[in-house]
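Have a look at the structure below, then the notes.
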Amino acid sequence: MPVVRMLRRVACWMLQSPACGCRAPVLPSRFLGTSPRQIPMDANFHSTSFLEADQQRVLITGGLGQLGVGLANLLRKRFGKDNVILSDIRKPPEHVFLSGPFIYSDILDYKNLREIVVNNRITWLFHYSALLSAVGEANVSLARAVNITGLHNVLDVAAEHGLRLFVPSTIGAFGPTSPRNPTPDLCIQRPRTIYGVSKVHAELMGEYYYYRYGLDFRCLRYPGIISADSQPGGGTTDYAVQIFHEAVKNGRFECNLKPDTRLPMMYIDDCLRATLEVMEAPAESLSMRTYNINAMSFTPAELAQEVLKHVPEFQVTYSVDPVRQAIADSWPMNFDDSNARKDWGWKHDIDLPELVTTMLNFHGSENRVAQAN
C-alpha cells in the first residue's frame, strides 16, 4: 500500500494535477519540445538561456567563410574560448582547429543541427552558411538549397530551443528598382539574383518567426566586407579585397567592375563589432529586426587612387565581367544606416584612408615573410 501511495505522488507531480495539491515544476520554454514543424497555435518562445545570469553558449554555422573565424575570435574574448563553437562542412586549417571548439555541421541535416544545439546547450546562433552572389548565379539549385532550405532548418531549431538568432543580410537584398543613393532600411527590394532573393526571404522569415513564435531574430544588412586575412569568396565586391593582394605581389590589378561603380563597403573589424553590438543590444531598443549598417562608399577608381598614394608604381586595368557588373548596378551605392545609429548606437571606426593603410601593411608584411621563407 505505501508503494501505491508513493507511485500516486510521483504520477501527480509529473502530471502537475492541481487536485493532488502538488507544486508544479517550472520549466523554461526551451524544454517544451515543440518545433515550428509542429507548433500549436498559441505557442510562444521568448527564453534565450536557462538563467539570465548564465554564460552564452554560441554556435557559428558556415564558420570557415570570410567572417566566421574572425567572429569566433571576437566572441571567445567576450564569452570564453570553450563557449563558442565554430562549425562547417569543410576541414578547418590547423590554426583554426587548435584555436577553439570546431565541429562538423551540415545545415541541410536538421537532425544533426538539432543534436548540436541540444548537446552543447547553445543559446546564441550565428548563421553564416550561404553561397555568395556570383557563385550562387553559377549554381542556382545549390544556392537555393543552402540559402533557403538551410535557413528553414536553422529557424526551426532556433525557435524550438529559444535561441537568439543572427542571420546576416546584404546589399544584395536590393534590386534595380530600389532607391540607390542612399538606400533606406525599408523600401522596394526586388533583387535579381538567387543570393539576393534568398536574403530577402531570410529577412522576412525571421521577422515572421519573431511575430509568430517570439523568436529573437536579429539581422544586419552588410555592405561589401573587406578583410586582410581571407581570400575572396565569390562575391561581387571581392575586387576590393583582391586589389590589395595584387598591389603587393604584382604591382598591377585587373578589375572586373567599371571604374565608376560605387558600392558601400566596410572593414571587417567594424562589421564584427557591429554584429556583436546588435546581438547584445537590449530587445526594447530595437525598433526593427533588420538594419542597414555602413561605413564608407567608394568606386574602384577611388580605391585605386588611394592605393597609389602608397604604391606609386601600381597599375590598374579594367576587364568588365558582365555578370558581376549587372549585379553591382542593381545594388545600393550608399546605405542609410541612421536607424542603427539611433537605436543601438552603431558607429564605424575605419574610413577609406585607414582601410588602405591597414590592408597594405598586412599584405606587405605577409609578402616579406613569404619571400624570406
Side-chain angles (χ1 to χ4, degrees), residues 28-39 43 45 47-50 54-69 71-72 75-76 79 81-94 96-132 135-136 139 141-168 194-195 198-199 201-202 205-206 208-209 213 215-219 233 275 279:
S29 62
R30 67 171 56 220
F31 291 153
L32 297 178
T34 55
S35 163
R37 296 160 192 258
Q38 45 189 232
I39 282 180
F45 295 92
S47 172
T48 58
S49 65
F50 296 97
D54 279 357
Q55 186 70 280
Q56 301 302 339
R57 295 276 296 170
V58 180
L59 174 66
I60 304 172
T61 67
L64 296 182
Q66 183 189 22
L67 298 174
V69 174
L71 181 65
L75 295 175
R76 284 167 179 163
F79 299 123
K81 184 177 79 169
D82 294 334
N83 288 318
V84 179
I85 300 172
L86 206 58
S87 73
D88 211 305
I89 59 172
R90 294 182 288 142
K91 183 179 178 181
E94 185 177 12
V96 173
F97 185 75
L98 296 175
S99 65
F102 181 91
I103 58 176
Y104 173 89
S105 175
D106 182 357
I107 59 165
L108 297 179
D109 184 342
Y110 176 79
K111 183 173 181 289
N112 170 249
L113 187 62
R114 194 179 185 200
E115 286 174 351
I116 290 169
V117 167
V118 171
N119 292 341
N120 294 283
R121 299 180 296 112
I122 299 300
T123 59
W124 284 13
L125 198 162
F126 293 82
H127 177 52
Y128 278 103
S129 298
L131 262 66
L132 301 184
V135 174
N139 195 337
S141 60
L142 181 60
R144 188 174 62 233
V146 173
N147 294 10
I148 296 178
T149 304
L151 169 79
H152 293 176
N153 289 339
V154 167
L155 285 168
D156 285 351
V157 169
E160 177 182 0
H161 296 286
L163 309 185
R164 181 170 294 182
L165 174 63
F166 178 85
V167 178
I194 186 61
Y195 176 60
S198 69
K199 286 303 182 183
H201 180 77
M205 286 296 289
Y208 172 75
Y209 269 58
Y213 303 121
L215 173 64
D216 192 349
F217 172 86
R218 304 183 184 205
C219 177
T275 302
M279 282 293 275

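For the atom pair NE2 of His201 and OH of Tyr208, the computed distance is 12.0 Å after rounding to the nearest 0.5 Å. Rounding to the nearest 0.5 Å places CG of Leu59 at 12.5 Å from CG of Asn83. Rounding to the nearest 0.5 angstrom, the gap separating the CD1 atom in Ile85 from the CZ atom in Arg57 is 5.0 Å. Here Ile194 contributes atom CD1 and Leu142 contributes atom CG; the two are 10.5 Å apart, rounded to the nearest 0.5 Å. A distance of 11.5 Å separates CD1 in Ile107 from CD1 in Ile116, rounded to the nearest 0.5 Å. Taking CG from Leu163 and CG from Leu215, the interatomic distance works out to 8.0 Å, rounded to the nearest 0.5 Å.
Of all the heavy atoms in Ser87 and Thr61, the pair that sits closest is OG-CA, 3.4 Å. In terms of heavy atoms, Ser198 sits closest to Tyr195 at OG-O, 2.7 Å. Nearest heavy atom pair, residue Gly136 against residue Ala143, reads CA-CB, 3.9 Å. Here the closest heavy-atom approach between residue Met279 and residue Arg164 is recorded as O-NH1, 2.6 Å. Scanning both residues, Gly62 and Tyr128, for their nearest heavy atoms gives O-CB, 3.9 Å.
Asp109 and Lys111 are not joined by a salt bridge, as no carboxylate oxygen comes within less than 4.0 angstrom of a charged side-chain nitrogen.
Just one residue in the list Tyr213, Tyr209, Tyr110 forms a side chain to side chain donor-acceptor pair (under 3.5 Å) with Asp156, and that residue is Tyr209.
At a threshold of 4.5 Å between non-hydrogen side-chain atoms, the residues Leu151 and His127 count as touching. Using a 4.5 Å heavy-atom threshold, the side chains of Ile122 and Val157 count as separate.
Few gaps surround CD1 on Ile103; more than 12 heavy atoms of other groups in view lie less than 6.0 Å from it.
Judged by distance alone, the side chain of Arg76 and the main-chain N or O of Val84 form a donor-acceptor pair under 3.5 Å. The backbone N or O of Leu108 sits less than 3.5 Å from a side-chain atom of Asp106, completing a donor-acceptor pair. The backbone N or O of Pro168 sits less than 3.5 Å from a side-chain atom of Lys199, completing a donor-acceptor pair. Asp88 places a side-chain N or O within donor-acceptor distance of the main-chain N or O of Leu64, the cut-off being under 3.5 Å.
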Exercise. Should Tyr104 and Ile89 be marked as a side chain to side chain contact (heavy atoms under 4.5 Å, CB included) after you check the CA-CA gap, both sets of side-chain angles, and the distance that decides it?
Worked result: CA-CA 6 Å; Tyr104 173 89; Ile89 59 172; 3.9 Å; yes
For this session: Show your working on side chain to side chain contact (heavy atoms under 4.5 Å, CB included) between Leu67 and Thr275 and close with a plain yes or no.
Result: CA-CA 10 Å; Leu67 298 174; Thr275 302; over 6 Å; no
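Using bins of under 30°, 30° to 60° and over 60° for the plane-to-plane angle, the ring pair Trp124/Phe79 lands in the perpendicular bin.
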